[in-house]
Amino acid sequence: CMWALPGGHLGPLRARFVRTPEDAVRMETLDATPYPPFAADAPYVPLIAPKGTLVVLHARLPHLSGPNTSEASRHAYALHAIEAGAVYPRDNWLRRDDLPARGFA
């Protein structure tokens with residue numbers, strides 16, 4: 001199952017994906033403080049959810065899962081949303097250069 005670090009979303013942003021001028025994507029480290037290693041005595045908690053369950057996580061919540069040891073591929077979908085008044089960085093890895101941002105209304 002997936003595991004998460006309780007309260008981990010309350011800390012600072014540690015890394016972000018950025019798009020370079022060459023149109024490549026790279027990870028930019030903002031805070032190199034390591035998370036606790038995933039081990040038997042680690043503070044992570046299981047996020048138990050039956051197959052087909054929608055799991056919504058805060059963007060800063062540290063989460064992980066173990067390796068997929070089955071023959072079947074895992075599928076995950078990500079939805080990215082920002083507040084209407086947020087400043088959207090020009091170097092964000094997700095871009096809508098030719099499309100204006102719009103709401104859900």
Side-chain angles (χ1 to χ4, degrees):
C1 74
M2 188 176 295
W3 295 76
L5 185 60
H9 65 293
L10 301 173
L13 182 62
R14 295 188 185 199
R16 63 186 281 264
F17 285 112
V18 296
R19 191 169 297 267
T20 69
E22 299 78 30
D23 209 32
V25 175
R26 69 172 176 79
M27 179 69 75
E28 176 183 50
T29 300
L30 305 172
D31 179 345
T33 305
Y35 291 111
F38 186 69
D41 61 345
Y44 297 90
V45 296
L47 304 177
I48 300 169
K51 180 179 178 179
T53 300
L54 172 66
V55 178
V56 179
L57 304 174
H58 187 284
R60 290 189 185 171
L61 180 68
H63 59 281
L64 61 104
S65 62
N68 183 6
T69 59
S70 77
E71 295 294 319
S73 177
R74 290 181 182 163
H75 297 283
Y77 301 92
L79 172 68
H80 300 261
I82 62 170
E83 294 182 41
V87 176
Y88 198 80
R90 286 288 306 149
D91 66 348
N92 193 335
W93 72 290
L94 292 175
R95 288 203 206 149
R96 295 176 54 102
D97 293 331
D98 298 331
L99 298 171
R102 59 184 172 81
F104 294 106

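Worth knowing before you read on, the calculation uses all heavy atoms, side chains too, and leaves out hydrogens, waters and symmetry mates.
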- Please write out which residues are connected to Val56 in a hydrophobic cluster, directly or through intermediates, given that two of Ile, Leu, Val, Met, Phe, Trp, Tyr count as joined at side-chain heavy-atom separations below 4.5 angstrom. Leu54
- Query: Does any pair with a residue in residues 38-56 pass side-chain hydrogen bond (donor to acceptor under 3.5 Å, both in side chains), and if so which ones, sequence neighbours excluded?
  - Reply: none
- Can you list every salt bridge (charged side-chain N to carboxylate O under 4.0 Å, His left out) pair that touches residues 56-75, not counting sequence neighbours? none
- Item | Which residues share a side-chain contact (heavy atoms from CB on, under 4.5 Å) with Pro43, sequence neighbours left out | Leu5, Pro36
- Item | ring pair (Phe, Tyr, Trp, His ring centres under 6.0 Å) involving His63 - partner list, sequence neighbours excluded | none
- Task: List, by chain and then residue number, the residues other than Ile82 in its hydrophobic cluster (Ile/Leu/Val/Met/Phe/Trp/Tyr, side-chain heavy atoms under 4.5 Å); write none if there are no others.
- Result: Phe17, Val25, Met27, Tyr88, Trp93, Leu94
- Query: Can you name the side-chain contact (heavy atoms from CB on, under 4.5 Å) partners of Leu47, sequence neighbours left out?
  - Reply: Met2, Ala4, Leu57
- Report the C-alpha separation of Asp23 and Arg95 in whole Å, then their side-chain angles, then the decisive distance to 0.1 Å, and conclude whether the side-chain contact (heavy atoms from CB on, under 4.5 Å) test is met. CA-CA 11 Å; Asp23 209 32; Arg95 288 203 206 149; 4.1 Å; yes
- Message: For Tyr77, give me all partners under side chain to side chain donor-acceptor pair (under 3.5 Å), at least two apart in sequence or on another chain.
- Response: none
- Task: Quick one: closest heavy-atom pair of Trp3 and Cys1, and the distance?
- Result: CD1-O, 3.2 Å
- What are the two closest non-hydrogen atoms of Asn68 and Ala72, and how far apart are they? ND2-O, 2.7 Å
- Message: Quick test of your reading: applying salt bridge (charged side-chain N to carboxylate O under 4.0 Å, His left out), list the pairs with at least one residue in residues 5-16, sequence neighbours left out, ordered by first then second residue.
- Response: Arg16-Glu28, Arg16-Asp91
- Item | Non-neighbouring partners of Thr69 that pass side chain to side chain donor-acceptor pair (under 3.5 Å), sequence neighbours left out | none
- Message: Using the side chain to side chain donor-acceptor pair (under 3.5 Å) criterion, which residues pair with Thr33? Sequence neighbours excluded.
- Response: Asp31
